[in-house]
A.B. asks: 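First the structure, which I've put down as C-alpha cells, then a few questions once you've had a look.
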Amino acid sequence: MLRSKILPQILNQAINNTDTKGVLLMKDDGSLIACSDASTSSHNTSKIVAAITSNIWTAYNRNSDLQYQLIDCEEGRFVITRVASLLLCVYSDINTEFGLLKLKTQKLREYLEEPLSKVEHVQ
Amino acid sequence: MKRKVLLMGRSESGKTSMRSIIFANYIARDTMRLGVTIDVEHSHVRFLGNLVLNLWDCGGQEGFLESYLTTQRDHIFRNVEVLIYVFDIESREHQKDIKNYKSCIEAISQNSKDAKIFCLIHKMDLVPEDQRDTLFKNKEQEIRQASLPLKPTCFRTSIWDETLYKAWSSIVYSLIPNVKVLEHNLDKFCKICEADEVVLFEKATFLVISHSARKVHKDVHRFEKISTIIKQFFLSCSKSQANFQAMEVRNSNFAAFIDAFTSNTYIMVIMSDPTIESSATLLNIQVAKSHFEKFINSTSN
C-alpha cells in the first residue's frame, strides 16, 4: 500500500523555489496520486497540469516506448516520465533549463521506481 | 458453516418485520403488508460468503408457542447459537409475556445452554421520547431478573430509526468467527491509509461487521445511522434500476469513500487530511481488497 502522507514529502525534495514549481505523481487517466507545489503555485494548478500532461503523454505514447517527454510552453516547462505504472511530472517556469529539469526527474524516477513497483496495481 | 438463530416473541411483536427490513430489503413502510407468521418460517441468509444464518422466525400466537414448548421442544431449542426474543413495549399482557419468556429461557438452558441471548424491546417509537430511557431501563431490569442464571443483552429498537441496525449489528457481530483478527487487520489498514476511521459493512444488509478508528468521534450512534442512510440510498438506487457501486463524499473537513470491498463487504474510509489525494486512497483500497478477500474467506471456513 502507499503511504500517502509521506509521498508528497519525497516529491518535495525536488522543489526549489528558484527553479522547480511543482512535482506530480499521477495515474494514466490524470488523477493525482500525490503532488508537491512550490509556495508560489496553487494546488489547483497541479490538478490541471496533471490532467493535461497525462493526456499529452498518452497521445504521444503510440508504441509504449516513450521514455521522457519534454514540453516547452510560453510560460513554463514540463518533463514527464513513467515510474512503475504511474506518471511523474516535474514542471517549472520558463527560466529553468531542460537539462536540470530532466536530471531532477531522472533521479526521482530512479528513487521511486523500486518501492512503487512493489505496490500492487501500480506495477 | 450454519448458525441457528431463533427469533421468538409474542404474536404481532414485530419479528417478521424486523427480519424483512434487515435481510429482505424491505423499507419500514413495506412491512405494513406482512401478515401473521404460521408456525415456523425458515430462512437461510447468506452472510459474509460462507456463513449461513439459519433464521427460525417462530410465529408468536398462543397455539404455536404451546407446541414449541411441548411437542416441538427438542426440535426448536436444540443447537441454537443465538436466541432473539422480541418484547413489544405496547403489550398489555405484561406478566404473560414474562412468563412465556421464562419458559423459553428454560427450554434454551436445557437444550442449548451456550446460546447467546438478545432481548429486543421493540416498537420504542410508540413511547414518548422523554419516557424512553426510564422505560427501557425498567424493562431491562425485569428481563435480567427473569433470565437468571443466563445473561441476555438488551436493546431497544424500532423499525423507524437506526436502533434496529444497532441491535442486529451486535447480534450478527457475535456470530462472526475470528472477528478480533479481522479487526486487527482493519486497524493496520486504517493506520497505513492514514484514515480517521474505517468501517466494514456486510454487502446485502449493510450491517456493520467491524470498524477501526484513529480519531475519537463523539457520536457513538454513528454506525447504525450510517447503515440506515446507506441502505435507504442503496434501495432507492435499485428501485431506479441503477446499480450502486461506489461513492465519494467530500467537503472542506473530510472525504468519505464508500466502495465495494470483498465479494461480501463494503468499506467506508474517512479521511480528513487535505494533503492526501482521493486517487491515493482509492488505490490503497484496491490493494487491500485482494488481501482481505483471502482473509475473509478463510475466516468463514
Side-chain angles (χ1 to χ4, degrees), chain A residues 1-15 22-39 41-55 57-58 82-89 112-123, chain B residues 182 184-198 200 212-215 245-257 259-263 265 267-296:
Chain A
M1 283 172 61
L2 288 177
R3 300 228 64 159
S4 6
K5 198 125 176 116
I6 301 186
L7 266 179
Q9 291 169 8
I10 299 179
L11 300 180
N12 202 36
Q13 292 171 17
I15 307 265
V23 182
L24 317 163
L25 196 60
M26 56 199 158
K27 282 167 59 170
D28 277 12
D29 61 6
S31 47
L32 263 183
I33 298 274
C35 77
S36 189
D37 342 88
S39 42
S41 48
S42 74
H43 187 66
N44 270 335
T45 322
S46 295
K47 287 202 258 196
I48 299 172
V49 170
I52 299 178
T53 48
S54 62
N55 215 309
W57 174 276
T58 17
R82 218 184 233 316
V83 173
S85 64
L86 300 175
L87 290 176
L88 175 67
C89 171
L112 290 172
E113 182 78 44
E114 215 228 307
L116 281 182
S117 316
K118 297 219 180 91
V119 181
E120 263 175 65
H121 299 277
V122 176
Q123 283 150 356
Chain B
L182 184 60
H184 177 69
N185 274 280
L186 214 63
D187 280 340
K188 284 206 289 195
F189 175 69
C190 187
K191 226 191 292 179
I192 301 179
C193 257
E194 316 257 359
D196 280 10
E197 186 148 24
V198 175
L200 204 60
S212 167
R214 287 195 321 147
K215 283 211 184 116
Q245 169 64 25
M247 190 156 88
E248 179 180 339
V249 180
R250 192 174 263 278
N251 76 9
S252 51
N253 295 328
F254 74 92
F257 300 90
D259 198 357
F261 200 47
T262 67
S263 46
T265 56
I267 195 167
M268 181 172 77
V269 180
I270 312 280
M271 312 281 293
S272 63
D273 190 332
T275 61
I276 299 180
E277 303 291 334
S278 310
S279 293
T281 311
L282 289 172
L283 204 126
N284 279 338
I285 295 177
Q286 281 283 88
V287 174
K289 269 184 199 186
S290 37
H291 171 79
F292 273 85
E293 181 82 60
K294 280 185 275 157
F295 178 74
I296 288 182

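Lettering follows sequence order; numbering is per chain, from 1. The shown structure was predicted, so the numbers you read here are calculated from the model rather than taken from an experiment.
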A.B. asks: In Å and rounded to the nearest 0.5 Å, what is the CD to NZ distance from B/Glu277 to A/Lys27?
C.D. replies: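 Rounded to the nearest 0.5 Å, the CD-NZ separation comes to 12.0 Å.
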
A.B. asks: Looking only at non-hydrogen atoms, find the nearest pair between B/Ser279 and A/Leu32 and report the distance.
C.D. replies: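 For B/Ser279 and A/Leu32, the tightest heavy-atom pair comes out as CB-O, 3.1 Å.
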
A.B. asks: So, for B/Thr275 and A/Pro8, which heavy atoms are closest and what is the spacing to 0.1 Å?
C.D. replies: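 Result for this residue pair: O-CG, 4.5 Å.
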
A.B. asks: Given heavy-atom pairs under 4.5 angstrom as the criterion, report whether the side chain, backbone, both or neither of B/Lys289 touches chain A.
C.D. replies: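 For B/Lys289, there is no contact with chain A at all, as no heavy atom is under 4.5 Å.
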
A.B. asks: Give me the atom names and distance for the closest heavy-atom approach of B/Ala280 to A/Ile33.
C.D. replies: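 For B/Ala280 versus A/Ile33, the nearest heavy atoms are CB-O, 3.4 Å.
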
A.B. asks: Minimum heavy-atom separation for B/Asn284 to A/Leu2, with atom names?
C.D. replies: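 Taking B/Asn284 first and A/Leu2 second, the nearest heavy atoms are OD1-N, 2.6 Å.
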
A.B. asks: With rounding to the nearest 0.5 Å, note down the distance linking CZ in A/Arg3 to SG in B/Cys193.
C.D. replies: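 Reported value, rounded in 0.5 Å steps: 10.0 Å.
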
A.B. asks: Mind listing the closest non-hydrogen atom pair of A/Met1 and B/Val287 along with its distance?
C.D. replies: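 Distance-wise, the nearest heavy atoms are CG-CG1, 3.8 Å.
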
